Amino acid sequence: MSTTTINPATGEELTTYDDHSDAEIEQIVDDAHAAFDPWRRRPIKERADVIRAVGDLLRERTDELATLMSDEMGKLVSHAKQEVQLCAAICDFTADNCEEQLADEDRPLNGGRAIVSYQPIGVILGIQPFNFPIYQALRYSIPQLAAGNTVLLKHAHSVWGSAFALERLYHDAGVPEAAFRAIKASNDQITELIGNPKVRGVTLTGSVSAGTIVAAEAGKHLKKSVMELGSNDAYLVLADADIDLAVQVCSNGRIYNNGETCVAAKRFIVVDAVYDQFRDAFVEQLASIEMGDPHADGTGLGPMAREDLRDDLHEQVQQSVAAGATLTLGGEMPDRPGFFYPATVLEDVTPGMPAYDDELFGPVASLIRVADDDEAMRVANDSRYGLGGGIISADVDRAITMAIDEFDTGMVNVNGYHLAQPNLPFGGVKDSGYGREHGGFGIKEFVNVKAVMVADS
């Protein structure tokens, strides 16, 4: 089989790729397994130097990678450049800290002494989505390479060009060729790959449905897995919120990366006392965003990555309206080439609607009016998801307490919108998955935490 990538801004075909055959995939796995032992035995400082070189090459190739990502999935070039810079920062953080994070630990032992050691386990498979073509692949692979594992990447079909650009960059930086390989594989081939005894762990970023399938398959073979799945992150605008700040944070949180971000702000839960004021300013702000060519200066919203994703989002909007939601802004398919969808605002959103219950993976905002701050938190947690969220409040101390003690998510923003940070854990709870990446946590997800007990002689 073959796959052709498509420019979502124009609908034009880009490049056609032939899938790897079963035999080719088996050989890639065998090679990655063979590369594991020499790679794990290289001093961690040498591995760190290679990781640092990856970061240097990312900075050198920022423009090339940003253009490719924009062409393949429609993100603004400015956002694509920010993505590459984040990836370089992840390399820096990993290179600077991996030796300390993986250092042996001395522990007490009655009648002797004990050592806790963190040892790599082998070939790690990553199954990654389209929305951050370089970052999604790099955020799991760099810590695993630093830990001494070898890595396979099954990327989304629509961004295979980005996958192979990253593969070339890794190899140019000094990662052994077999230690990192991108695989062009079908779903059936991935199922076989998960079951391959030479693959020791699986990590996936994607939808809940995909995560359920992959986690079950990994579990069937007793393999460790990490799942970073979807969410419908709630941003609470409390009664004492600075409305100008709230509008800035919430609009950026909803529209960034064309709204195709797992930790995007999606449900906006606003206290009645400030609802009308926030709604009016928020709608005005979203209405002013220019939708167009992601390469052009001044564009604030590019196309969605694929036609089917755009169509699915529109259906979710229509279903919500049919169930009683009010369409306040947008919500109409534009008559133009490409897979564009306008900034859209839904009001009167209630349980049972896709706009309340599900993830709207695109530039659609769900506004929910609540009586007070307590109801705002209750509604925020009334979700099967739990990846991220936010609180906008003048009382920062109280907001921090709410974030820590009450918000049932893996990450919370207070008075701002931040994406992943190299030094902080990234991941969620409930249907948003399990496991953590970044911050020294991801590097230990696929290591053998080994206890060595030494008796006194």
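Quantities reported herein were computed from a predicted structural model and do not represent experimental measurements. Side chains included, hydrogens not; waters and symmetry mates left out as well; all remaining heavy atoms used.
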Does any part of the side chain of L145, heavy atoms only, come nearer than 4.5 Å to the side chain of V50, both counted from C-beta? no

Measure up the F278 and F282 rings against each other and bin them: parallel (under 30°), tilted (30 to 60°), perpendicular (over 60°). parallel

Min side-chain heavy-atom separation Y118-N448 under 4.5 Å: no

What are the two closest heavy atoms between P129 and V159, and how far apart are they? O-CG2, 4.4 Å

Test side chain to side chain donor-acceptor pair (under 3.5 Å) applied to Y356 and S320, step by step: CA-CA 8 Å; Y356 186 100; S320 297; over 6 Å; no

Would you call R59-D92 a salt bridge at under 4.0 Å N-O? yes

From CA spacing to verdict: side chain to side chain contact (heavy atoms under 4.5 Å, CB included), V449, K444: CA-CA 8 Å; V449 184; K444 292 182 178 177; 6.0 Å; no

I'd like to know if R61 pairs up with D172 as an ion pair, taking the criterion as any Lys NZ or Arg NE/NH1/NH2 lying under 4.0 Å from an Asp or Glu carboxylate oxygen. yes

What's the spacing between F268 CZ and I368 CD1 if we round to 0.5 Å? 10.0 Å

Value for CZ (R47) from CH2 (W39), rounded to nearest 0.5 Å, stands at 6.5 Å

Could you check N149 against I121 for side chain to side chain contact (heavy atoms under 4.5 Å, CB included), going step by step and ending with a plain yes or no? CA-CA 6 Å; N149 294 314; I121 60 174; 3.9 Å; yes

Would you say that more than 12 heavy atoms from the other residues, nucleotides or ligands in this model lie under 6.0 Å from the NE2 of H418, or not? no

With side chains defined as the heavy atoms from C-beta onward, is the minimum distance between L387 and D233 less than 4.5 Å? yes

On the 0 to 90° scale, with breaks at 30° and 60°, tag the F180-Y170 ring pair as parallel, tilted or perpendicular. tilted

Whether D49 and K45 form a salt bridge (side-chain N of Lys/Arg under 4.0 Å from carboxylate O of Asp/Glu) is what I want to check. yes

Side-chain contact, heavy-atom cut-off 4.5 Å: K75 with E260? no

Heavy-atom count check: over 12 atoms from other residues, nucleotides or ligands less than 6.0 Å from H33 NE2? no

Looking only at atom types and distance, does a side-chain atom of S70 sit under 3.5 Å from a main-chain N or O of A66, one as donor and one as acceptor? no

Test your reading of the model: is there a side-chain donor-acceptor pair from K266 to the backbone of S231, 3.5 Å cut-off? yes

Do T344 side-chain atoms and G331 backbone N/O form a donor-acceptor pair below 3.5 Å? yes

Verify side chain to side chain donor-acceptor pair (under 3.5 Å) between N196 and H221, making sure each step is shown before the conclusion. CA-CA 9 Å; N196 189 312; H221 298 283; over 6 Å; no

Could you state the interatomic distance from CE (M377) to CD1 (I391), rounded to the nearest 0.5 Å? 4.0 Å

Can you spot which of P342, S251, C250, P363 makes a side chain to side chain contact (heavy atoms under 4.5 Å, CB included) with L286? S251

List for me each residue that meets ring-ring contact (aromatic ring centres under 6.0 Å, His included) alongside H79, sequence neighbours excluded, and say none if there are none. Y256

Six-ring centre of F339, R310 cation under 6.0 angstrom, axis tolerance 45°: no

R254 side chain to A264 backbone, donor-acceptor under 3.5 Å: no

So, R181 side chain and L152 main chain: donor-acceptor pair closer than 3.5 Å or not? no

Between T150 and A32 the two heavy atoms that sit nearest each other are OG1-O, 3.1 Å

Verify side chain to side chain contact (heavy atoms under 4.5 Å, CB included) between D19 and W160, making sure each step is shown before the conclusion. CA-CA 11 Å; D19 289 359; W160 270 353; 3.3 Å; yes

Under a 4.5 Å cut-off applied to non-hydrogen side-chain atoms, are V270 and R279 in contact? no

Looking only at atom types and distance, does a side-chain atom of Q119 sit under 3.5 Å from a main-chain N or O of K450, one as donor and one as acceptor? no

Tell me, do I443 and C98 make a side-chain contact under 4.5 Å, heavy atoms counted? yes

Judged by atom type as modelled, is there a donor-acceptor pair below 3.5 Å linking the side chain of H155 to the main-chain atoms of A182? no

For I194 and K223, which heavy atoms make the closest approach, and how far apart are they? O-NZ, 2.6 Å

Hey, can you tell me if F164 and Y17 have their rings parallel, tilted or perpendicular (30° and 60° cut-offs)? parallel

Taking only Lys NZ, Arg NE, NH1 and NH2, and the carboxylate oxygens of Asp or Glu, determine whether D357 and R384 approach each other closer than 4.0 Å. no

Say whether, by atom type as modelled, one donor and one acceptor occur between the side chain of R436 and the main chain of G428 under 3.5 angstrom. yes

Check whether any side-chain N or O of K430 sits under 3.5 Å from a backbone N or O of S383 as a donor-acceptor pair, and report yes or no. yes

Find out whether L367 and V349 are in side-chain contact, i.e. whether some heavy atom of one side chain is under 4.5 Å from a heavy atom of the other. no

Results of side chain to side chain donor-acceptor pair (under 3.5 Å) for E228 - residues two or more places apart only: R139

What residue among D96, T94, I90 forms side chain to side chain contact (heavy atoms under 4.5 Å, CB included) with I51? T94

Rounded to the nearest 0.5 Å, how far apart are CG of L236 and CG of D373? 8.0 Å

Is there a side chain to side chain contact (heavy atoms under 4.5 Å, CB included) between L419 and Y417 once you walk through the steps? CA-CA 7 Å; L419 294 169; Y417 176 71; 3.2 Å; yes

Do other residues, nucleotides or ligands put more than 12 heavy atoms under 6.0 Å from E375 CD? yes

Is there a donor-acceptor contact under 3.5 Å from the side chain of T10 to the main chain of G338? no

Exercise answer: donor-acceptor pairs, residues 401-412 side-chain atoms, under 3.5 Å, sequence neighbours excluded:
residue	atom	partner	partner atom	Å
T401	OG1	D397	O	3.1
T409	OG1	M411	O	2.9

Tightest non-hydrogen contact, residues V247 and A281, listed as CG2-CB, 3.7 Å

Any idea which heavy atoms bring F130 and S158 closest together, and the distance? CB-OG, 3.6 Å

Report yes if some heavy atom in the side chain of V317 is under 4.5 Å from a heavy atom in the side chain of Y341; otherwise report no. yes

Atom OG in S393, atom CG in D240: separation rounded to 0.5 Å? 3.5 Å

Heavy atoms of L58 and V84 approach each other most closely as O-CG1, 3.4 Å

Nearest-0.5 Å distance, CG of residue L166 to CD1 of residue I134: 5.0 Å

Taking atom CD as the centre, does E105 end up with more than 12 heavy-atom neighbours from other residues, nucleotides or ligands that are less than 6.0 angstrom away? yes

